[in-house]
J.: 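Take a look at the following structure, please.
Just so it is clear, the structure is predicted and the values come from calculations on it, not from any experiment. Reminder, nothing fancy here: chain letters follow the sequence lines and each chain counts from 1.
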Amino acid sequence: MLNRIYQWRPIRFRLKSQFLTPTFSLLFTKPSVSAANITSDDEPSDPVREILNKASTSKDLFGNHSVRTLIPTLNSLQVDQIIVNLGLEDPDSAIDFFYLLRNEYGFCGSRVSQFVIGHLLAGKRRLKELRTVLEQMLHEEGSGSAPSLSELLENRFRAWDSNDLVWDMLAFAYSRSEMVHDALFVLAKMKYFKIQASILTYNSLLYNLRHTHIMWDVYEEIKASGTPQSAQTNSIVIDGLCGQSLLQEAVAFLQENEGKESKALHCFIQYTYVKVLYNVLIHGLCIAGSMEEALELTDDMERHGVQPDVAGNIEEGFMLQEEMLSQGFQLNDIAYSVLLSSLCKRGQVGEALRLLHEMESTGLKPDVITYSILIHGLCKQGEVQEAIQLYNKMWLKRIFPNSFTHNAILLGLSEKGTLSEARMFFDSLTKSDLMENIVWFNIMIYRYAKVGKVREAVQLYEQIIEKGITPSTVTFNSLIYGFCKSRKLAEARTWLGMIKAHGLVPTDVTYTTLMNALCEAGNIRGMFEVFREMEARAVEPTNITYTVIIKGLCKQQRLQESLQLLEVMHAKGRSPDEITYNTLIHCFCKARDMRKAFQLHNEMLLHNLQPSPVTYNILLNGLCVNGDLNDADRFFSSLQDQNIRLTKVAYTTLIKAHCAKGDVCKADTLFRQMVEKGFEISITDYSAVINRLCKKNLTIKVKVFLHMMLSDGISLDQQICFVMLNAFRRVGDLTSEFELLAKMIKCGLLPD
DNA sequence: ATAGGGTTAG
């Protein structure tokens, strides 16, 4: 049967010269297999006889000086003669002689010598060495060599002890070397000679062929040959079927061949669940229109060796899942974790929590990993309180959090909670007996830096040094960021030096942070100096670095150069993102070039970049400031018509413009729209409108907005009250003035 | 077999 599978292409017998290293000035020029035409009966030539004589008289053949001097003069034929003769008398000497030639003279022996040694090793059950010798031979011969090697084995070694073992090992070695056709050929020969192949050889072949239909031929062959199967055999078949997306076949195979506790089943369940999950997610993303994410996920899937289904097989996936559940197949805890982690990555934490409960109700025990995945997911979604509840729950269950868990919580607290909350948790971590983690410090230092508390940041740095913890480049980057935020650029540069002093390397982030600060300070020359140092140190600029430079160029009105840099980015594959474009669009708006601004917006779409809400805010503001307000209105409406996501800023931008330019009715309408959309309205938003109305003495409208604001439950502040009082006074509206004064007294904004 | 983390640009 196996012969049928593989039709041999004509074999070209390859002449291979074998070389001793040139220092020994001897070439073996005989083709490898034809060199085999010797037997132990051939009359040995002189050096051969001499060495063999020495061997029979001396125990230590290779310590013998005259043997040593003879070796470099031997040719391939003579080596074969020695090994064959030694092998008959004293196998150990033959093996030692072979290793000596190989290790000290770089000579591997002819195929005959290798097979002789192979048989001797097989006889001594030194199977690993046997495999190595054969693998080396196959490595030298390459694929397609099975017929010639088989022929040699067949003609010259048929009667040798351990010949069966060598055949089997030859097939195994071919299979392991991924020369599958050769392995099949050897197997076919073995079958012809009625030599039983071992299950190891079969499994290896099965594994190599598991993604082809030939797998079944091998499988049938195993069954027919009566070779006892190993536990691995079925797992390989299942793995292969899953890899070929033949899930129904896999189920059928399991039902026929496996109990419910088997390894093959586990292999299957995990595979299927991951696959079903991926497909459901991809399907969902396609429907939601996030093709990019869907494609990303498909890549991810293929990287994990899972073939995605063509769209439409999702239903099948679900049915399969149900079928499996109805048959009493159970997910194990790890399969649940895989599922949970994928859901969390997609932001479907609620779904993940539901699964956690399902898991618990089926009697499975979530472990520290399960909990960490969930806690991390919750923190990423900003649901830190939920995460902390879960964290407490795992303590109650005596499942102890590890560094994964702690980092997630600290990061969540520092992002969503208050700084002092994060600090309390940080202190509790550093006070406990845990191994201290530089990442905890980095998180806190960055947070302090961000809010301008450089002193606290530096104190933490000093703690790091006192405790003997090694700071990372990120530590210094965050400190530099802090000094930049506090506009202490000279000190920021000092810390750049600290990186080097600690034997660390400044990164793109280091340089970009500094460059941005210099740019903000208007020191474009300084920015370019840092950029030159970055280049000199061969630190690759990122798209962020380029964006900063573009910002700098724009500041100096070097708009053409900034556009050129945009091209450079495209050319270098450092693709500009929406922030790059926003920066540029902002610059062109400022330069009152709305045409170019919109052209850049279109270019974004061409490059498949989704303009962000910020992009629209910039463009809207540009239209409000530079153009006709009607243009701004039209643009705004068209965005609304296309259901494009807008932020509150889009509304307030337009509202402010209408207030300032006098169309208060329009402003009023927009304001109500904004409220209806459910945006949270603050005193700043009301103040922005009221301020502008007061400036124009439109006190009637001021009273409308004041009323709206109070009924919205927003309390007054002193500043806006004085603005209104002045306006009421200017227009002579005494009643309103006194009413407002009374309100202020009530709120404690004025001493009565 | 199952998990991740800190820093830069509008």
J.: Does NZ or CZ of A/R210 fall inside the cone over A/Y207's six-membered ring, less than 6.0 Å from its centre and within 45° of the axis?
T.: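 Yes; both conditions hold, so A/R210 lies above the ring face of A/Y207.
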
J.: Measure from the side-chain heavy atoms of A/F404 and tell me the nearest of B/dT2, B/dG4, B/dG10.
T.: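 Minimum distance to the A/F404 side chain belongs to B/dG4.
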
J.: Contact class for A/E415 (heavy atom, under 4.0 Å): base, sugar-phosphate, or nothing?
T.: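 Nothing: the residue A/E415, judged by heavy atoms under 4.0 Å, touches no strand.
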
J.: Return the nearest nucleotide to the side chain of A/N407; candidates are B/dG5, B/dT8, B/dT2.
T.: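 The answer is B/dG5.
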
J.: Rounding to a whole Å, what distance do you find between A/I409:CD1 and B/dG4:P?
T.: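 Distance check: A/I409 CD1 to B/dG4 P gives 16 Å.
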
J.: Could you tell me whether A/L411 contacts a base, only the sugar-phosphate backbone, or nothing, with contacts defined as non-hydrogen atoms closer than 4.0 Å?
T.: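 A/L411: backbone/sugar contact only, no base atoms under 4.0 Å.
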
J.: Would you classify A/I579 as touching base, sugar-phosphate or nothing, given that sugar-phosphate means primed atoms plus P, OP1 and OP2, and contacts are heavy atoms under 4.0 Å?
T.: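 A/I579: base contact, heavy atoms under 4.0 Å.
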
J.: Find the distance A/I618:CD1 to B/dG10:P and express it as a whole number of Å.
T.: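 So the CD1-P distance, A/I618 to B/dG10, works out to 10 Å.
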
J.: In whole Å, I'd like the distance from the CD1 atom of A/I445 to the C1' atom of B/dG5.
T.: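 Checked: the CD1 to C1' distance equals 15 Å.
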
J.: Hey, are A/T647 and A/N617 close enough side-chain-wise for a donor-acceptor pair under 3.5 Å?
T.: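 Per modelled atom types, A/N617 and A/T647 side chains form a pair under 3.5 Å.
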
J.: Using whole Å, report how far CG of A/L429 lies from P of B/dG5.
T.: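 Going from A/L429 (CG) to B/dG5 (P), I get 17 Å.
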
J.: Between B/dT8, B/dA3, B/dA9, which nucleotide has the shortest distance from any of its atoms to the side chain of A/I373?
T.: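 Among B/dT8, B/dA3, B/dA9, the one nearest the side chain of A/I373 is B/dA3.
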
J.: Rounded to the nearest Å, what distance is computed from the CE atom of residue A/M359 to the P atom of nucleotide B/dA3?
T.: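 Computing the A/M359:CE to B/dA3:P distance gives 13 Å.
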
J.: Just checking A/F636 against A/Y651, ring centres under 6.0 Å apart?
T.: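 They qualify: ring centres under 6.0 Å apart.
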
J.: Scan A/K485 against the nucleic acid and name what it touches under 4.0 Å (heavy atoms): base, sugar-phosphate only, or nothing.
T.: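 Touches nothing.
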
J.: B/dG4 P sits how many Å from A/L340 CG, rounded?
T.: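 So the CG-P distance, A/L340 to B/dG4, works out to 12 Å.
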
J.: Looking at B/dA3, does its base get a donor-acceptor pair with the side chain of A/N402 below 3.5 Å?
T.: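 A donor-acceptor contact between them is present.
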
J.: Would you say A/T370 and A/D367 are linked by a side-chain donor-acceptor pair, where the criterion is simply a distance under 3.5 Å?
T.: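 Their side chains do contain a donor-acceptor pair, which is all the 3.5 Å distance test asks for.
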
J.: Looking at the side chain of A/V614, which of B/dG4, B/dG10, B/dT8 is the nearest nucleotide?
T.: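 Of the candidates, B/dG10 comes closest.
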
J.: Determine, for A/K416 against A/E383, whether the closest basic-nitrogen to carboxylate-oxygen distance falls under 4.0 angstrom.
T.: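 No, this pair does not count.
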
J.: Testing the basics here: between A/A408 and A/C379, what is the closest heavy-atom pair and its distance to 0.1 Å?
T.: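 Shortest heavy-atom separation between A/A408 and A/C379 comes out as O-SG, 3.3 Å.
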
J.: Output the rounded distance in Å from CG (A/N621) to P (B/dG10).
T.: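 A/N621 atom CG is separated from B/dG10 atom P by 16 Å.
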
J.: Does a nitrogen or oxygen in the side chain of A/Y481 sit under 4.0 Å from OP1 or OP2 of B/dT7?
T.: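 It does not, given that no N or O in the side chain of A/Y481 lies less than 4.0 Å from OP1 or OP2 of B/dT7.
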
J.: Let me know the distance between CG of A/D577 and C1' of B/dT8, rounded to the nearest Å.
T.: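 Whole-Å distance recorded here is 12 Å.
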
J.: Check the phosphate of B/dT8 against A/Y446, side-chain N and O only, distance under 4.0 Å to OP1 or OP2. Yes or no?
T.: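 Result: yes.
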
J.: Looking only at the side chain of A/N477 (C-beta and beyond, no hydrogens), which of the listed nucleotides B/dT7, B/dT2, B/dG5 gets closest?
T.: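 So the nucleotide nearest the side chain must be B/dT7.
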
J.: Students often get this wrong, so: under 4.0 angstrom with heavy atoms, is A/T510 touching a base, only sugar-phosphate, or nothing?
T.: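 The answer is nothing, as A/T510 stays clear of every strand by at least 4.0 Å.
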
J.: Is the gap between the ring centers of A/Y461 and A/F441 under 6.0 Å?
T.: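 No.
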
J.: Using a cut-off of 4.0 Å on non-hydrogen atoms, how would the nucleic acid contact of A/N437 be classed: base, sugar-phosphate, or nothing?
T.: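 Base: the residue A/N437, judged by heavy atoms under 4.0 Å, touches a nucleobase.
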
J.: Taking atom types as they are modelled, would you say the side chain of A/S612 forms a donor-acceptor pair with the base of B/dG10 within the 3.5 Å cutoff?
T.: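 When only heavy-atom distances are counted, A/S612 does reach the base of B/dG10 through a donor-acceptor pair under 3.5 Å.
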
J.: What contact category does A/S372 fall into here, base, sugar-phosphate, or nothing, at under 4.0 angstrom with non-hydrogen atoms?
T.: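 Base contact - A/S372 has a heavy atom under 4.0 Å of at least one base atom.
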
J.: Nearest to the side chain of A/V509 - B/dT7, B/dG5, B/dG10?
T.: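 Shortest atom-to-atom distance from the side chain points to B/dT7.
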
J.: Does the base of B/dT7 carry an N or O that pairs as donor and acceptor with the side chain of A/S478 under 3.5 Å?
T.: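 Check fails, no donor-acceptor contact within cut-off.
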
J.: Among the candidates B/dT2, B/dT7, B/dG10, find the nucleotide nearest to the side-chain atoms of A/V474.
T.: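 Nearest to the side-chain atoms of A/V474, counting from C-beta on, is B/dT7.
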
J.: Under 4.0 Å, counting only non-hydrogen atoms across every strand here, what does A/S414 touch: a base, just sugar-phosphate, or nothing?
T.: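 The residue A/S414 makes no contact with any strand.
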
J.: May I ask you to say what A/K450 touches in the nucleic acid, namely base, sugar-phosphate or nothing, with a heavy-atom cut-off under 4.0 Å?
T.: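 Answer is nothing: A/K450 stays at 4.0 Å or more from every strand.
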
J.: Given B/dT8, B/dT2, B/dG5, which nucleotide is nearest the side-chain atoms of A/S337?
T.: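 Selected nucleotide (nearest to the side chain): B/dT2.
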
